[in-house]
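Read through the structure below, which is laid out as structure tokens, and then see the notes.
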Amino acid sequence: MTSTSNDPPVRLLVIGSSLIHMRGLRGVSLVQAAKAARVGPDELTSWESGQIPSGEKSLARLMRLYRQPPEVHRVLADWATGIGDDGTRHVLPDTAPGAHDRLVAFEGYAVGVQACGSCTFPALVCCSAYADSLVPMRSPVMVGLTGPGRWRRPVVTGLHSWGQVDVVLEESLLQQQCNSDPRILADQLTYLCEVVDKGLADIRIIRTDTDTGVYSGDLLSLTMPDPYNSTVWVHTTPDSATYINGSLGREHQRGFDAMSARAEALPLSADLLHEAAAACTARGAEAQ
């Protein structure tokens, strides 16, 4: 899953996936939405696939149809009309209203996923108990971790179109502390074992003392469908989500490939997960 030299402006991909997500939430067909926007279905498809930006008036009509608040409309309108130089075409920081929903939409639109974690488990393989323990991530971007709508982001067992999920985790994550309650980590590790055993994702472990010489942190790679098959890397922090493709995205891809090459093979990685889950479950039982 590599980016090409013809990567589209990442903002258009984010707008497109958001439009598809909004239309799906309202149960509106492509033909109905195109009629409301006063364009043909082919043009609307071009907007939703990130090929071209939507027109200002047509976008306003869609936002009314999808019942979106004015602040969300302003964000998408600014991105659709902004051109930017080559640097800003391929890097999009998103801290605006609705950022979490746009990330959800982008993940759901992807056809392939890669992720690496050295600080926390990537969101797509978080069980609910572990997700609720991530106090630093309760922010405008990561809303919904608690309460009725908690953890609305898709996980590998949820509804999505991902053809492949490839995750590399640093070994230190298997021994981390979760609010001094080992049962939370035990629940997370047990969930990961289930994901691996059912073949829902390839989760491999990289030894903590392995120096990959690449980015250290938590990154998510999402491959978009045709016509681009463009790979977009997403870096999430407590208050932002930054979408990256183009040359910087290719650097992230090379870094992930290097990390993946140094990770343990899947059978051994699965054994390491099961051993860590058993040890953590035992610690949790002792703590009761």
Side-chain angles (χ1 to χ4, degrees), residues 7-30 32-34 36-37 39 41-84 88-111 113 123-124 139-144 149 152-154 158-162 220-228 230-236 239-245 249:
D7 283 335
V10 70
R11 70 182 67 193
L12 295 186
L13 294 175
V14 178
I15 293 172
S17 62
S18 295
L19 292 178
I20 292 175
H21 186 64
M22 293 173 186
R23 181 162 63 81
L25 288 177
R26 296 302 175 192
V28 178
S29 71
L30 181 71
Q32 290 172 325
V39 299
D42 288 345
E43 184 169 352
L44 180 55
T45 297
S46 295
W47 300 348
E48 291 185 343
S49 60
Q51 296 179 67
I52 60 174
S54 57
E56 186 175 351
K57 291 182 179 179
S58 295
L59 180 61
R61 296 183 187 111
L62 286 178
M63 293 300 97
R64 287 194 295 271
L65 177 66
Y66 301 153
R67 287 176 265 172
Q68 292 298 308
E71 56 269 25
V72 171
H73 176 204
R74 282 195 296 271
V75 172
L76 298 187
D78 287 345
W79 288 349
T81 56
I83 299 176
T88 58
R89 282 168 56 89
H90 298 297
V91 178
L92 177 66
D94 187 3
T95 60
H100 176 262
D101 290 330
R102 285 187 287 277
L103 184 54
V104 169
F106 206 71
E107 288 175 334
Y109 189 45
V111 295
V113 180
L124 69 153
S139 71
V141 172
M142 299 298 176
V143 296
R152 294 157 44 217
R153 301 180 66 194
L159 296 175
H160 52 72
S161 56
W162 302 337
L220 180 66
S221 158
L222 300 164
T223 299
M224 297 292 101
D226 291 335
Y228 295 111
S230 174
T231 296
V232 177
W233 288 87
V234 186
H235 178 210
T236 59
D239 57 1
S240 71
T242 301
Y243 302 84
I244 304 163
N245 67 357

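Bear in mind the structure is a predicted one, so any value in this text is a computation, not a measurement.
One N or O on the side chain of Arg26 and one on the backbone of Tyr66 form a donor-acceptor pair closer than 3.5 Å. With hydrogens and angles ignored, the 3.5 Å screen pairs no side-chain donor or acceptor of Trp233 with any backbone N or O of Ile244.
Minimum interatomic distance between Leu44 and Leu62 (heavy atoms only, all atoms of both residues): CD1-CD1, 4.0 Å. Pairing each heavy atom of Trp79 with each of Ile15, the nearest pair is CB-CD1, 3.6 Å. In this structure, Ser58 and Ala37 approach most closely via the heavy-atom pair OG-O, 3.2 Å. Closest approach of Leu65 and Ala33 over heavy atoms only: CD2-CA, 3.9 Å. For Ser18 against Arg102, the heavy-atom pair with the smallest separation is OG-CG, 3.2 Å. Asn245 and Pro8 make their closest contact through ND2-O, 3.0 Å (heavy atoms, listed as atom of the first residue, atom of the second, distance).
With sequence neighbours excluded, no residue forms a side-chain contact (heavy atoms from CB on, under 4.5 Å) with Glu56.
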Q. Under the side chain to side chain contact (heavy atoms under 4.5 Å, CB included) criterion, do Leu92 and Leu13 qualify, and how do the steps go?
A. CA-CA 11 Å; Leu92 177 66; Leu13 294 175; over 6 Å; no
Q) When you look at Glu107 and Leu220, which way does the side chain to side chain contact (heavy atoms under 4.5 Å, CB included) test go after all the steps? A) CA-CA 9 Å; Glu107 288 175 334; Leu220 180 66; 3.4 Å; yes
**Q.** Residue pair Phe106, His21: steps toward the side chain to side chain contact (heavy atoms under 4.5 Å, CB included) verdict
**A.** CA-CA 8 Å; Phe106 206 71; His21 186 64; over 6 Å; no
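Side-chain atoms of Ile52 and Trp47, non-hydrogen and from C-beta on, do get closer than 4.5 Å to each other. With a 4.5 Å cut-off on side-chain heavy atoms, Tyr109 and Ser49 count as touching. Using a 4.5 Å cut-off on side-chain heavy atoms (C-beta onward), Met63 and Met22 make contact.
Considering CG of Leu76 and OG1 of Thr81, their distance stands at 10.5 Å, rounded to 0.5 Å. To the nearest 0.5 angstrom, Arg11 atom CZ is 9.0 Å from Arg89 atom CZ.
Judged as a salt bridge (charged side-chain N to carboxylate O under 4.0 Å, His left out), the pairs with a partner in residues 41-55 (not counting sequence neighbours) are, in order, Arg23-Glu48.
When the options Thr231, Val113, Val232 are evaluated for a side-chain contact (heavy atoms from CB on, under 4.5 Å) with Thr223, the one that passes is Thr231.
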